[in-house]
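These notes are about the structure you will find just below.
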Amino acid sequence: MVHRFTLTTPLYYVNDKPHIGSVYTTLAADAMARWHRLQGDQVCLITGCDEHGLKIQRSATAAGVPTKDYVDCMAGHFAALWQRIGISHDRFVRTSTPRHQQLVHEFYERVHGNGHIRPGQQRGWYCVACEEFKDGNSEDGGTPHCAIHDRPLEWRDEENLFFCLSHFQEPIAQLVAQESFIGPASRRREVQRFVEAGLRDFSISRVDLPWGIPVPRQPGHTFYVWFDALLGYVTALPDPDGPQDLATALTSGWPAQLHLIGKDILRFHAVYWPAMLMAADLPLPERVFGHGFLTREGRKMGKTLGNTLDPEALFAKVGVEPVRWYLLRDIQFGEDGDIQQKRFLDLVNNDLANTVGNLVNRTVSMSRRWFADCVPPRGENDDAPPPSPRRRSCDHDGPGKPVLCPTRSPGRCHGNPGPCRDRQRLFE
RNA sequence: CGCGGGGUAGAGCAGUCUGGUAGCUCGUCGGGCUCAUAACCCGAAGGUCAGGAGUUCAAAUCUCCUCCCCGCCA
């Protein structure tokens with residue numbers, strides 16, 4: 001029986017061009033997708049762009065172009081970059097397309113029909129960058145600032161629609177208690193505690209935000225990020241030339257086996273999203289994995305620090321494969337990881353040039369010199385296990401595993417030079 | 001305040017659940033070898049396992065306390 005394996009990257013927010021963090025997630029997802037294809041699984045790797053929201057609308061205005069043109073351009077950057085680095089995605093979904101809107105509406109009607117939508121008043125300080133209301137933040141009378149983005153908040157007082165997350169307190173608590181659902185394990189308890197503290201309904205619409213999907217029967221309302229962007233994972237599945245509805249998605253690879261995301265949006269994927277799916281009577285994804293963040297030479301990357309790593313420039317300078325290797329080999333997948341130039345050089349030289357490259361080189365050279373450019377016939381002792389004098393304690397660094405493979409923890413993957421090292425030893 | 005994760009060799013980490021010679025990769029140093037790239041192979045140095053107390057024949061591992069880092073709540 002052929003196993004389906006549907007996995008997703010986040011749908012990247014097209015406020016700006018792709019950054020190294022998006023590249024990291026996507027490279028990892030791609031490696032896993034390729035590994036599962038090698039296992040014979042029927043893989044669907046989904047990536048794409050989240051294209052709505054006030055921040056994008058403002059960025060477009062600032063750039064002096066129509067919003068649609070702006071997101072087309074940005075989405076183009078993402079698509080081009082994925083092509084450049086050989087991402088093997090099966091779907092590239094965009095949330096500003098009619099097909100997506102169609103599915104969002106169907107989903108909303110289901111949830112609404114099941115009684116999990118209510119009106120409510122949303123009043124408070126709003127961070128446009130987070131696209132979130134902040135509470136307990138207006139102490140000294142002045143305009144409060146967002147702690148994350150260090151920018152002034154904006155006062156809002158509006159009627160929104162709310163999703164009744166509180167209806168799902170028990171089932172969600174049970175879900176996140178499952179060991180397999182949230183990875184890495186170190187982040188599971190955090191989510192558990194959050195759920196135990198009590199789930200609160202959250203708003204799913206905004207007013208006065210024309211750049212979004214209109215809410216049925218609610219003139220002036222558009223859907224807020226989660227009831228729009230998360231649905232993209234489902235939108236992506238049906239054949240682009242066929243019918244676009246939930247029933248078709250269910251026969252086309254939903255539910256996903258894995259949502260691969262950054263740790264910052266773990267809660268939305270591990271709590272909000274499954275509750276939304278429950279509300280719509282849809283099956284849940286099997287696993288959500290929140291990987292860590294990348295730093296550079298020990299420091300957070302950011303525009304204010306001026307130490308961002310532009311992927312285009314990086315690839316132009318050192319090539320794609322060294323970056324792929326370094327990120328997947330040296331960063332403990334799940335934990336935060338530091339990108340260091342010296343370390344990068346050492347690893348690429350050691351693993352790719354010296355271990356893998358030189359292995360190929362000397363193999364070819366031996367073949368040429370002693371075996372008339374051929375691979376010699378099998379000898380008597382070829383079934384004997386290769387000598388591996390060094391004991392290995394790392395589970396991801398042993399012989400017999402592919403060079404890029406998932407480790408024992410589902411959803412993880414890791415570069416592994418071990419097999420090539422063993423072959424080198426064998427030649428001695 | 002509360003909650004979660006972490007502190008093991010110069011660096012990054014595994015080992016902790018199930019106590020029993022402290023391990024992997026990189027870096028450093030020395031030796032060897034050629035089919036091979038300043039390659040490859042072999043070897044060495046380098047760690048009071050954050051600190052303290054306890055349990056035990058035996059603690060990186062179990063219990064309690066303290067200190068320090070990071071994250072969540074924001």
Side-chain angles (χ1 to χ4, degrees), chain A residues 124-127 129-130 132-139 144-150 153 176 179 182-200 262-268 270-271 290 292-295 297-300 325-327 329-371 373 376 387-399 407-409 412 414-418 420-428:
Chain A
W125 293 100
Y126 189 77
C127 174
C130 299
E132 263 184 349
F133 282 90
K134 305 286 179 181
D135 36 42
N137 213 343
S138 52
E139 56 282 352
H145 280 241
C146 171
I148 298 169
H149 293 92
D150 193 31
L153 301 179
V176 300
E179 205 160 299
I182 295 174
S186 56
R187 272 187 255 284
R188 195 177 75 246
R189 281 186 177 281
E190 203 169 283
V191 176
Q192 263 184 286
R193 287 292 108 80
F194 171 80
V195 172
E196 281 167 18
L199 295 178
R200 290 191 299 180
K263 63 181 183 178
D264 54 328
I265 50 176
L266 179 59
R267 204 208 309 155
F268 303 108
V271 178
F293 284 165
L294 299 175
T295 53
E297 308 294 345
R299 312 187 73 186
K300 229 176 212 178
W325 180 256
Y326 177 75
L327 291 178
R329 148 86 155 103
D330 202 41
I331 311 290
Q332 308 293 316
F333 200 66
E335 304 307 304
D336 288 349
D338 195 34
I339 298 177
Q340 297 173 12
Q341 186 168 336
K342 180 179 186 305
R343 178 80 179 162
F344 179 92
L345 264 175
D346 285 342
L347 277 188
V348 169
N349 282 338
N350 268 290
D351 295 340
L352 295 188
N354 298 349
T355 300
V356 180
N358 181 50
L359 177 63
V360 173
N361 189 347
R362 68 192 298 201
T363 303
V364 168
S365 173
M366 278 187 267
S367 162
R368 182 171 296 144
R369 176 177 273 225
W370 296 327
F371 300 101
D373 294 345
S388 185
R390 281 194 204 165
R391 186 175 155 260
R392 298 180 194 287
S393 62
C394 299
D395 67 316
H396 54 256
D397 195 26
T407 62
R408 63 184 171 181
S409 174
R412 293 196 180 200
H414 204 284
N416 174 25
C420 290
R421 260 199 280 278
D422 291 332
R423 299 299 104 75
Q424 289 274 23
R425 239 168 252 137
L426 185 61
F427 279 150
E428 299 303 321

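Bear in mind that the values here come from a model prediction, so they are computed numbers and not experimental data.
The distance between atom CE of A:Met366 and atom C1' of B:C35, rounded to the nearest whole Å, is 5 Å. In this entry the distance linking CG of A:Asp264 with C1' of B:C72 reads 13 Å, nearest Å. As rounded to whole Å, 13 Å separates atom P of B:U25 from atom CH2 of A:Trp325. In this structure, the CG atom of A:Leu347 is 12 Å from the P atom of B:U25, given to the nearest Å. For A:Lys342 and B:C26, the NZ to C1' distance is 8 Å, given to the nearest whole Å. As rounded to whole Å, 14 Å separates atom P of B:C70 from atom CG of A:Asp338. Regarding A:Asn349, its CG atom lies at a distance of 18 Å from the P atom of B:U25, rounded to whole Å. For A:Asn354 and B:U25, the CG to C1' distance is 14 Å, given to the nearest whole Å.
Under the Watson-Crick and G-U wobble criteria, each requiring two contacts below 3.5 Å, nucleotide B:G71 is paired to B:C3. Base pairing of B:C40 is made with B:G32, judged by Watson-Crick or G-U wobble geometry with both donor-acceptor distances under 3.5 Å. Searching all strands for a Watson-Crick or G-U wobble partner of B:A22 with both distances below 3.5 Å returns nothing. With a cut-off of 3.5 Å on both Watson-Crick or G-U wobble distances, the partner of B:C64 is given as B:G52. For B:G46, there is no paired nucleotide, since no Watson-Crick or G-U wobble pair has both relevant distances below 3.5 Å.
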Go along nucleotides 2-12 of chain B 5' to 3' and tag each nucleotide: B for a protein heavy atom under 4.0 Å from its base, S when only backbone or sugar atoms are that close, - otherwise.
-SSS-------
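Here B:A74 is the nucleotide among B:C35, B:G27, B:A74 with the atom lying nearest to any side-chain atom of A:Arg200. Listed nucleotides: B:A36, B:U25, B:G27. Nearest to the side chain of A:Asp346: B:G27.
A distance of about 23 Å separates the C1' atoms of B:U63 and B:A22, rounded to the whole Å. The same atom, C1', is picked in B:U21 and in B:C35; the two are 39 Å apart, to the nearest Å. The C1' atoms of B:G7 and B:G12 are separated by 14 Å, rounded to the nearest whole Å. Comparing the P positions of B:G20 and B:U61 gives an interatomic distance of 11 Å, to the nearest angstrom. Distance check on atom P: B:G47 versus B:C69 gives 26 Å, rounded to whole Å. Across the P atoms, B:C62 and B:G15 are found 12 Å apart, a figure rounded to whole Å. For the C1' atoms, the distance linking B:U8 with B:C41 amounts to 29 Å, nearest Å. Rounded to whole Å, the C1' atom of B:G46 lies 43 Å from the corresponding atom of B:C1.
Checked by atom type and distance alone, the side chain of A:Asp330 never pairs as donor or acceptor with a backbone atom of A:Tyr326 at under 3.5 Å. One N or O on the side chain of A:Arg187 and one on the backbone of A:Gly290 form a donor-acceptor pair closer than 3.5 Å. With hydrogens and angles disregarded, a donor-acceptor distance shorter than 3.5 Å links the side chain of A:Asp336 to the backbone of A:Phe293. When atom types are taken as modelled, the side chain of A:Thr363 and the backbone of A:Leu359 share a donor-acceptor pair closer than 3.5 angstrom. When atom types are taken as modelled, the side chain of A:Asn349 and the backbone of A:Leu345 share a donor-acceptor pair closer than 3.5 angstrom.
The residue A:Asn358 sits close to a base: some heavy atom pair falls under 4.0 Å. Contacts of A:Gly337 with the nucleic acid, taken as non-hydrogen atoms under 4.0 Å apart, are absent.
Contact check, A:Asn350 against B:G27: a side-chain N or O comes under 4.0 Å of OP1 or OP2. Remark: A:Arg267 is in phosphate contact with B:C73, judged by side-chain N or O atoms under 4.0 Å from OP1 or OP2.
When all heavy atoms are compared, the tightest approach of A:Arg299 to A:Asp338 is N-OD1, 4.4 Å.
A:Ile339 CD1 to A:Glu297 CD: the interatomic distance, rounded to the nearest 0.5 Å, is 9.0 Å. Atoms CD1 and OG1, on A:Ile331 and A:Thr295 in that order, are 7.5 Å from each other to the nearest 0.5 Å.
Comparing A:Lys300 and A:Thr363 by the nucleotide of RNA chain B whose heavy atom lies nearest to each, the residue mapping closer to the 5' end is A:Thr363. Nearest-nucleotide positions on RNA chain B for A:Phe194 and A:Asp336 put A:Asp336 closer to the 5' end.
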Please tabulate, one pair per line, all N/O donor-acceptor pairs under 3.5 Å involving side-chain atoms of residues 189-196 of chain A, not counting sequence neighbours.
unit_1: A:Arg193; atom_1: NE; unit_2: A:Glu196; atom_2: OE1; d: 3.0

